[in-house]
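The structure appears right after this line, and notes come after that.
These values consider heavy atoms only, across backbone and side chains, with no hydrogens, waters or symmetry-generated copies. What you are looking at is a predicted structure, and each value in this text was computed from that prediction instead of being measured. Numbering of ligands and ligand atoms starts at 1, following listing order.
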Amino acid sequence: MGKQIIILNTGGTLSSVMKENGLAPGLTTENIQRELHMVSGDTELEMVDICSLDSANIFPEDWAMLAEKINELKSRCDGIVVIHGTDTLAYTSSMLSFMLQNINIPIVITGSQLSMGNPIADAMENCRCAIHMAASGRPGVYVAFNRKVILGCRASKVRSTSFDAFDSINYPYCAMISSMGMVLDDKAIPQKSGVFKLENNYSDKVFMLKMFPGIHRSMLKSILEQGYKGLYIEGYGLGGMPFLKHDFISELGELTRQGMTVLVGTQCRYEGSNLSVYETGLKSLENGVLQAYDMTSEAALTKLMWVLGKTENPDEIRDYFSVSLCGEVSIKV
Ligand code: ASP
């Protein structure tokens, strides 16, 4: 008998149809299943409807619900494919990587740039890649797109219209499909580091800020006053932030002293941040910020939400950010 794969549909372009007000999710699971038999090989597919959303409408509670659903279904299949809109797909794949650490089957998230109903779409190719990765026997959370498999916590949407919409950021691909078939890179697939336990708590008191010349330090005070507990900042380059005319960094020190967790990364997509190089970085470290190193912004933000859902103890929080939980970060010392 072929492998059993469950497909969870959450919506996005892949299952969209043209409606009165523009492209919106609308294909039923029966429509999708009918098409997928062409790419499923000898796997047995079962479809489960979760929701039918443009992924701009995905919120953290949807991640918690999806993780719970995957936990419920995991014992009766060999792998799970999640169909998802591409716009927030990398946030979902990152958060599921934390919530489903040490899962014992592959969970593969995919979507497409054109709807399955379009004859020139990438939808079938992406589903083919996702189904075959889900049947690969390599446990973990992945993104399958454009004949490549990316570790879920390393994916980022980098192009808005090309079929090559996702990159694997600062990390090798886990698998690629070519005339050689699906070639897996087992070195890029993190080993399980413990026993699986669903951990789908999160904090929604997390804010994300992109640094820009002219940003006012008063912004930081208002983030604190609004009750946020965590702040992820996309700094410049290696993680730089201003400390002269507008002393943003001392203001961050105020925040960390009042119990806010401040995580600093970079707005550069590739090669990551390192606060130990420049004066500005070292000043930030003196003011109690944590480093995101080479994490994607999607992974940094969702890790912060996930960690703050587990603990508010500053030492424990620091410990979580000094290790890689599921392959999301390379720590530079
Ligand atoms: N707006 C769509 C979504 O994220 C885009 C897509 O799926 O490609 O749901």
Side-chain angles (χ1 to χ4, degrees), residues 7-36 39 47-67 69-70 80-97 99 107-131 133-134 141-169 173 177 208 269 296-299 301-302 305:
I7 307 209
L8 307 181
N9 182 28
T10 71
T13 296
L14 192 143
S15 60
S16 286
V17 282
M18 193 46 88
K19 297 188 181 169
E20 221 173 292
N21 298 321
L23 205 57
L27 286 182
T28 63
T29 48
E30 292 83 60
N31 298 145
I32 298 175
Q33 189 158 15
R34 204 172 315 125
E35 299 289 331
L36 285 185
V39 294
M47 298 284 306
V48 176
D49 254 322
I50 298 292
C51 53
S52 192
L53 295 174
D54 184 302
S55 75
N57 291 313
I58 291 284
F59 283 86
E61 58 265 31
D62 299 309
W63 299 330
M65 176 271 292
L66 202 49
K69 193 77 195 164
I70 290 169
I80 294 180
V81 171
V82 180
I83 293 176
H84 195 290
T86 61
D87 292 347
T88 62
L89 189 153
Y91 290 92
T92 298
S93 64
S94 296
M95 187 52 121
L96 289 182
S97 305
M99 289 180 166
I107 310 298
V108 191
I109 307 161
T110 195
S112 66
Q113 294 283 51
L114 285 175
S115 153
M116 190 165 248
N118 188 322
I120 55 161
D122 52 340
M124 296 297 268
E125 205 47 62
N126 292 346
C127 287
R128 186 202 309 270
C129 185
I131 291 168
M133 188 62 195
V141 177
Y142 307 95
V143 171
F145 219 89
N146 198 38
R147 297 183 170 155
K148 295 177 195 100
V149 178
I150 301 170
L151 194 67
C153 52
R154 291 288 190 165
S156 203
K157 185 171 179 181
V158 295
R159 293 177 195 89
S160 57
T161 56
S162 308
F163 287 166
D164 207 4
F166 287 85
D167 272 0
S168 180
I169 307 294
Y173 291 111
I177 292 184
M208 179 163 163
R269 204 172 272 287
T296 63
S297 288
E298 293 89 335
L301 179 85
T302 54
M305 289 174 155

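- Considering only heavy atoms from C-beta on, S55 stays 4.5 Å or farther from T10 through its side chain.
- Residue-level proximity to ligand 1 for S112 is carried by the backbone, the only part with a heavy atom below 4.0 angstrom.
- Of the protein's non-hydrogen atoms, the one nearest atom 1 (N) of ligand 1 is D87 OD2, 2.9 Å.
- Counting heavy atoms from C-beta outward, I169 and E298 have side chains that stay 4.5 Å or more apart.
- Of all the atoms in ligand 1, the ones that sit under 4.0 Å from a non-hydrogen atom of T13 are 2 (C), 5 (C), 6 (C), 7 (O), 8 (O).
- Taking distance alone, with nitrogen or oxygen atoms compared against 3.5 Å, D54 approaches ligand 1 more closely than that limit.
- T86 OG1, 2.5 Å is the protein heavy atom nearest to atom 8 (O) of ligand 1.
- At a threshold of 4.5 Å between non-hydrogen side-chain atoms, the residues M65 and F59 do not count as touching.
- When only non-hydrogen protein atoms are considered, atom 4 (O) of ligand 1 lies nearest to S55 OG, 2.6 Å.
- Inter-residue side-chain proximity for I150 and F166 is flagged as met; some heavy-atom pair is nearer than 4.5 Å.
- Residues K148 and S168 are not in side-chain contact: their nearest non-hydrogen atoms beyond the backbone lie 4.5 Å or more apart.
- Interface atoms of ligand 1 facing G12, defined by a heavy-atom separation under 4.0 Å, are 7 (O), 9 (O).
- Here the options are D122, D167, D164, the test is side chain to side chain donor-acceptor pair (under 3.5 Å), and the partner is N146; only D164 passes.
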